[in-house]
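Take a look at the structure set out below.
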Amino acid sequence: MELVEESPYRFRIDQRDPMRVPGVVFASRALLPDIAGDRSLEQVANVATLPGIVEASYAMPDVHWGYGFPIGGVAATDVGADGVVSPGGVGFDISCGVRLLTADLDRTALPALLTGLMDGLDHAIPRGMSKGAVWQLDGRAQLDEVMRGGSRYAVERGHGVERDLYRCEDYGAVTDADPGQVSERAVQRGQGQVGSLGSGNHFLEVQAVDEVYDEPVATAFGLRAGQVCVMIHSGSRGLGHQICTDHVRVMERSMTRYGIEIPDRQLACSPVSSPEGRAYLGAMAAAANYARANRQLLTEATRRVFEQVAGSGLDLVYDVSHNLAKIETHGYDGTQRRLCVHRKGATRALPPGHPDLPADLIEVGQPVLIPGSMGTASYVLTGAAGGPAFASTCHGAGRVRSRKQATRAVHGQDVRSQLEARNIAVRGASRRGLAEEMPEAYKDVSAVVESAERAGLCRPVARLLPLGVVKG
DNA sequence: ATGTGC
């Protein structure tokens, strides 16, 4: 795999058969995947073979190996030119994403409150594999409402306030969800998980704004230095996982019918406008709404704890997904085209002036929420005008060691006491979970964010530091 | 990521 340096933060994989477009990796030289021991660049090249792909197969600075597509990948296909949609381009955790909430508290008030808050959250936040949820749904009919209405339905039912919807991607729900394309098995798995964190890299953190880089934008987002925040990172749990599994299987079988040849079965795909493509997009949208409702219910549980322990409310800064495909209009080849933009481990980053932004954010751009690895900083960014990858940027630190490698590397060292030694409170994390998520298993999120900024993908707004973490 | 695993 040969990389051509186009500029200090942009490398190209030249197009050669059967690639339809080049690959482009946005990263500093230091952050580039190790070509010898990592197959993610090969995956970037594989994605470039997809029917209808336009411009390039893009990789963000946090790129690493994933199912078919790399995590940290962005690929747009032209809907009007038989462009495809691929479940592997979204990932198993459909609409995994992040929301950030601000408290009416300064970090100076926290030492006296942190233990109470963390104990309250420990009790209030269901987490881990299939271990309960905040919301007990009343049968499939109500789950269908969640899949159709997302956060909007949750708020309608009293789980949140109207303002939450203005600060959620798609005003809390996408409109094209089709619960009829969600299997009974997916429903069974998702039924009891609305309002649950999950495990792996999912977390709820109490954080503080450590540094503000752009005062006017931070103010528009509702952020100030020293402010206490809560970040929630979760997705669509077993429901999204099962939807991905189901539709990959269907698409694998339909490939020959559409004459699609791909170098890796994990890139299974169908034309966006085909029955299989539309079925997947309808089910994917249902999972996207489910994930927003999930984060909304986790928000409500967190609010109850903050109200009771600290007498503080929590305002939503934003909720944005980093695993999703969306039909969007972008200028390409001199005209406006409808493109299916796959973002897998990549965050939508709308620039200032974009019509899809809520009125109070249109001048400053979309809040982009970047969770760091456990115990490290997280970032708030905003979209950059003229960004080079369909209004997308990175999504986090990006793994450099597999879960297995990380577990081996811990060698009995106590990740929990290392966090506590740095005054970060930990609740509910399994020893193994902590080992898999140790910061050494990830790239340096600060370097990732710096590369994304230098590549012109986004602009930095604020850095957040963790005070307490709740994990599965 | 995930009723970690065909």
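Order of the sequence lines sets the chain letters (A, B, ...), proteins ahead of strands, with each chain counted from 1. Treat the numbers as computed from the prediction; the structure is a model and nothing was measured.
Among the protein residues, A:Gly91 comes within range of no part of the nucleic acid, since none of its heavy atoms lies under 4.0 Å from any strand. No contact: A:Gly235 has no heavy atom under 4.0 Å from any strand. At the heavy-atom level, A:Arg399 lies nowhere under 4.0 Å from the strands shown.
Nucleotide B:dT4 holds its P atom 16 Å from the CD atom of A:Glu437, rounded to whole Å. As a whole-Å value, the separation of A:Tyr67 OH from B:dT4 C1' is 16 Å. In this structure, CG of A:Asn294 is placed 10 Å from P of B:dT2, rounded to the nearest angstrom. One atom, NZ of A:Lys131, and another, P of B:dT4, lie 10 Å apart when rounded to the nearest Å. One can place CD of A:Gln193 at 9 Å from C1' of B:dT2, the figure rounded to the nearest angstrom. Between the CE atom of A:Met129 and the P atom of B:dT2 there is a distance of 7 Å, rounded to whole Å. Atom CD in A:Gln266 sits about 12 Å away from atom P in B:dC6, given to the nearest Å. If you measure from atom CD1 of A:Ile94 to atom P of B:dT2, you get 12 Å, rounded to the nearest angstrom.
Aromatic ring centroids of A:His322 and A:His233 lie under 6.0 Å apart.
Aromatic ring orientation, A:Tyr58 versus A:Phe26: parallel (interplanar angle below 30°, classes split at 30° and 60°).
Contact check, A:Ser199 against B:dT4: no side-chain N or O comes under 4.0 Å of OP1 or OP2.
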Check step by step if salt bridge (charged side-chain N to carboxylate O under 4.0 Å, His left out) holds for A:Glu437 and A:Arg403.
CA-CA 8 Å; A:Glu437 295 302 317; A:Arg403 294 178 192 282; 3.1 Å; yes

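Nearest-nucleotide assignment on DNA chain B puts the 5′-proximal partner with A:Arg403, out of A:Glu436 and A:Arg403.
A:Val74 is not listed as a side-chain neighbour of A:His342, based on a closest heavy-atom distance of 4.5 Å or more.
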